Student: 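Please see the structure below; I have some questions.
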Amino acid sequence: MERDGDAVEWLRRVGVGRGVRVGVAIARGAGLGIAGPDGSELAVDVDDPAAVVARIETVLRPRWVWWSIETTTMLVDAGVRIGACWDIAVVHRLLAGGWRADPALVWATLRELPLESIPVSRPLDLFTQAEPEMGDPEHPMRPDGYLRPDWVDGSWAERPERLARWAGLAAQAATLQEGHLSTAEQTHAVATARAESTAELLCAELAAGGLPMDRDEAERIIAGFVGPRPRTDADAIAARRRRDDEVLRHAPRGAPVDLRNAAQVKSMLWRAGVDVPDTRAWRLQAVRDHPLVDALLTWRKAERIATTFGYGWIDTFVGTDGRLRGQWSSADGAAGRMTATAGLHNMPADLRPAVRAEPGHVLVRADLGQIELRVLAAVSGDRALVRSTAAGDMYAPVAAQIGVDRDTAKVAVLGAMYGQTTGHGAAVLPRLHQSYPAAMRLLEAADEAGRAGRDIRTHGGRLIRLGAHTPEHDVDDPDEAGLRDARARAAARGRYARNAVIQGAAAELFKVWAVTVRARGAELDARIVLCLHDELLVHAPASCGSAVADLLERCLHEAAHRWSPDSGVHFVADISVLERWSDATH
DNA sequence: ATCGTAGGCGCC
DNA sequence: AAAGGGCGCCTACGAT
């Protein structure tokens, strides 16, 4: 191991250039460690490790390898703009499923050591003895192959030499992970791993940057639903009372009703002559001509604003700079879609006029058209379905092919992807099978795996864990209700798996698109400010609006090619340059 | 008092 | 015969 020296020169010497993986470990106040592709390590004792990383990034543009989100956050907070990374925790979740992805588990998994025996550090007390040291405590790995618990718990960050070894270990872990990905049956799992890693970086930037909001406009919209901002608690209670009374004055006389209690609402409706199995909005919509029901539905909408997207929401999540900030996760625990808190992913359409470009800027919005159906074509390779992706509106050729109207075709296709087999769609399901056999087989195979409790992988190689669930035939001696229950659960797992292969693959393509836009948009000063499953919102200088729109389109085709090079599937996006998010013609 | 669950609803 | 997936966030309620 070397110490200090010029990091850029050292990395050049060990063969690092654009896209070459470089292990890195940083800790404020303790410097940084970096590791080259040949296994050599360099310890750098500096006060500002982020600045060193930034300089290396500018000159060499490597692919940074790190253990987890802490490094990502530290660099983003320091304002360092990283081009490409390999996030070991993110790749571990992709390969192995589950959420836990700390270095001890990742390393034991990669070394194929028993996971039950991963050592943990226990505080010393009267009943435990200090463990005898195994091997050299200055090295992160014990002779038995496991990582030292004290290193995992944070002593890797104590000195530059340790940081260098930690970085070297990260580089080794990434190489092992790449090996596993390459031998998986998925051909493009390595590309997915890279994109998923960089998506995690994008998430840190989204959390730091936020979504530009027009606070006054947001408050105006909220006021329209729930009245002006209450000045006192008594004010708030009175306003709430007034909203409740608008519903209750239509209610039959009798016991007082708490509108926030579904059971009481249901019985109130029954007393008013409305008999419903539950009080969900889509069910009540059918009987909206009843004044009580209409008042209740109006109340629910306002209540949503009052409780979730009201003044409190603004105060909590919109900063003084007018940016709405939440936490972002690059892959949920199920199929791997991005998630966000602070209402970023479920902001009511009514509030979207308040999402607005800053002065001198525009929002460029792009959303993918029929992404799940196109993804189904790509992952199944169904020849007929792939051909129909040439159309801007895929449902047109599909409807023509199976001989039904467009709406029926759409319901049938969505039903097949989500596991719904009743209603209009189910009737034409046999025709879907006839016309698109490979696509339907893929969905059925996933469904079957889900029912049987067999793990599956998405197109990009993400493990969907299904094995922890008991298959129905394994339940011993069930009673009738128990059997019905077990079957219902198995069917639910089937639907889950059926959906996961599509939703998960769509999420992978989306992230490749997003990180491509992130990379190519930098020179236009275009920043992604929102990712919404099939939609990107980019904030850019007004002079770049049309250039960014073109970029989004080009990046989509580049991403599709990278994610699924030989599928021949055509992806489409609806792209517009806007001042407000809501200005899009929809 | 703190926790998990259920019903509900927003978005995709 | 019947069966729609995911997420976050709210409230009420029952268990601990």
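Just so it is clear: chains get the letters A, B, ... in the order the sequence lines come, proteins before strands, and each one is counted from 1. The structure displayed is predicted, hence computed values, not measured ones.
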Student: At under 4.0 Å between heavy atoms, what does A:Arg283 touch on the DNA or RNA strands: base, sugar-phosphate, or nothing?
Tutor: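 Touches nothing.
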Student: At under 4.0 Å between heavy atoms, what does A:Ala488 touch on the DNA or RNA strands: base, sugar-phosphate, or nothing?
Tutor: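 Answer is nothing: A:Ala488 stays at 4.0 Å or more from every strand.
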Student: Does A:Trp328 have its ring centroid less than 6.0 Å away from the ring centroid of A:His345?
Tutor: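 Yes.
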Student: Does a nitrogen or oxygen in the side chain of A:Arg300 sit under 4.0 Å from OP1 or OP2 of B:dC9?
Tutor: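 Yes, such a contact exists.
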Student: Using atom CH2 of A:Trp299 as one end and atom C1' of C:dT11 as the other, report the distance to the nearest whole Å.
Tutor: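 Whole-Å distance recorded here is 9 Å.
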Student: Between the side chains of A:Arg562 and A:Thr516, is a donor N or O closer than 3.5 angstrom to an acceptor N or O?
Tutor: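 Note: A:Arg562 and A:Thr516 side chains meet the donor-acceptor criterion.
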Student: Identify which nucleotide among B:dC12, B:dC9, C:dA3 has an atom closest to any side-chain atom of A:Leu532, counting heavy atoms from C-beta outward.
Tutor: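 Of B:dC12, B:dC9, C:dA3, B:dC12 is nearest to the side chain of A:Leu532.
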Student: Whether the side chain of A:Glu508 engages the backbone of A:Gly460 through a donor-acceptor N/O pair (distance < 3.5 Å, no angle test) should be reported.
Tutor: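 Yes, the answer is positive, given that a donor and an acceptor are paired below the 3.5 Å cut-off.
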Student: Ignoring the backbone of A:Arg260, work out which of C:dT11, B:dG10, C:dG4 is nearest its side chain.
Tutor: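 For A:Arg260, the side-chain atoms sit closest to C:dT11.
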Student: With respect to the side chain of A:Ala262, which nucleotide from C:dG6, B:dG7, C:dA12 is positioned closest?
Tutor: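 Within the option list, the nearest is B:dG7.
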Student: Between C:dG6, C:dG8, C:dG4, which one does the side chain of A:Tyr418 approach most closely?
Tutor: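 Ranking C:dG6, C:dG8, C:dG4 by closest atom to the A:Tyr418 side chain puts C:dG4 first.
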Student: Have a look at A:Ala335 and say if it touches a base, only the backbone sugar-phosphate, or nothing, with a 4.0 Å heavy-atom cut-off.
Tutor: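 Answer is nothing: A:Ala335 stays at 4.0 Å or more from every strand.
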Student: At under 4.0 Å, does any side-chain N or O of A:Arg337 touch on OP1 or OP2 of C:dG6?
Tutor: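 Answer is no, no contact under 4.0 Å.
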Student: Which of these nucleotides, C:dC9, C:dG4, C:dG5, is closest to any side-chain atom of A:Gln503?
Tutor: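 Between C:dC9, C:dG4, C:dG5, the one nearest the side chain of A:Gln503 would be C:dG5.
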Student: Using whole Å, report how far CE of A:Met347 lies from P of C:dG8.
Tutor: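 Result: 16 Å.
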Student: Starting at atom NZ of A:Lys266, determine the distance to atom P of B:dA6, rounded to an integer number of angstrom.
Tutor: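 That distance rounds to 16 Å.
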Student: Looking only at side-chain atoms of A:Arg495, point me to the closest of C:dC9, C:dG8, C:dG4.
Tutor: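 For A:Arg495, the side-chain atoms sit closest to C:dG4.
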Student: I need the CD1-P distance between A:Ile222 and B:dG10, as an integer number of Å.
Tutor: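 The distance from CD1 of A:Ile222 to P of B:dG10 comes to 16 Å, rounded to the nearest Å.
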Student: Out of B:dC12, C:dC7, C:dG8, which has the shortest distance to the side chain of A:Arg352?
Tutor: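 Looking only at heavy atoms from C-beta outward on A:Arg352, the closest nucleotide is B:dC12.
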Student: Roughly how many Å apart are B:dG10 and C:dA2, using the C1' atom of each and rounding to a whole number?
Tutor: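 Rounded to whole Å, the distance is 28 Å.
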Student: Tell me what A:Ala340 touches on the nucleic acid: a base, only sugar-phosphate, or nothing, going by heavy atoms under 4.0 Å.
Tutor: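 Result for A:Ala340 = sugar-phosphate.
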Student: Over how many whole Å does the gap from A:Leu429 atom CG to C:dA3 atom C1' extend?
Tutor: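 Atom-to-atom, A:Leu429 to C:dA3, this comes out as 13 Å.
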Student: Grab the two heavy atoms, one from A:Ala302 and one from A:Val226, that are nearest each other, plus how far apart they are.
Tutor: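 Of all heavy-atom pairs spanning A:Ala302 and A:Val226, the closest is O-CG1, 3.5 Å.
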Student: Base, sugar-phosphate, or nothing for A:Ala263, non-hydrogen atoms under 4.0 angstrom?
Tutor: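 A:Ala263: no heavy atom of the nucleic acid under 4.0 Å.
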Student: CD1 of A:Ile314 versus C1' of C:dC9: gap in Å, rounded?
Tutor: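 Roughly 16 Å, once rounded to whole Å.
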Student: Quickly work out the A:Ile502 CD1 to C:dG4 C1' distance and round it to whole Å.
Tutor: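 So the two atoms are 14 Å apart, to the nearest Å.
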Student: Please determine if a side-chain N or O atom of A:Asn346 lies less than 4.0 Å away from the OP1 or OP2 oxygen of C:dC9.
Tutor: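 Answer no for this pair, as no side-chain N or O of A:Asn346 is under 4.0 Å from OP1 or OP2.
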Student: Would A:Arg93 count as a cation-pi partner of A:Trp99, with NZ or CZ less than 6.0 Å from the six-membered ring centre and within 45° of the ring normal?
Tutor: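 Cation-pi check for A:Arg93 and A:Trp99: passes.
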Student: Check whether any side-chain N or O of A:Thr279 sits under 4.0 Å from OP1 or OP2 of B:dG7, and answer yes or no.
Tutor: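 No, because none of the side-chain N or O atoms of A:Thr279 sits under 4.0 Å from OP1 or OP2 of B:dG7.
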Student: From C-beta outward on A:Arg280, which listed nucleotide comes closest to its side chain: C:dG8, B:dG7, C:dC13?
Tutor: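 So the side chain of A:Arg280 is nearest to B:dG7.
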Student: Is the side chain of A:Asp294 donor-acceptor paired with the backbone N or O of A:Leu297 at a distance under 3.5 Å, no angle test?
Tutor: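 Absent.
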Student: Starting from C1' on C:dG6, measure out to CG on A:Asp534 and report it in whole angstrom.
Tutor: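 For the pair A:Asp534 CG and C:dG6 C1', the rounded distance is 13 Å.
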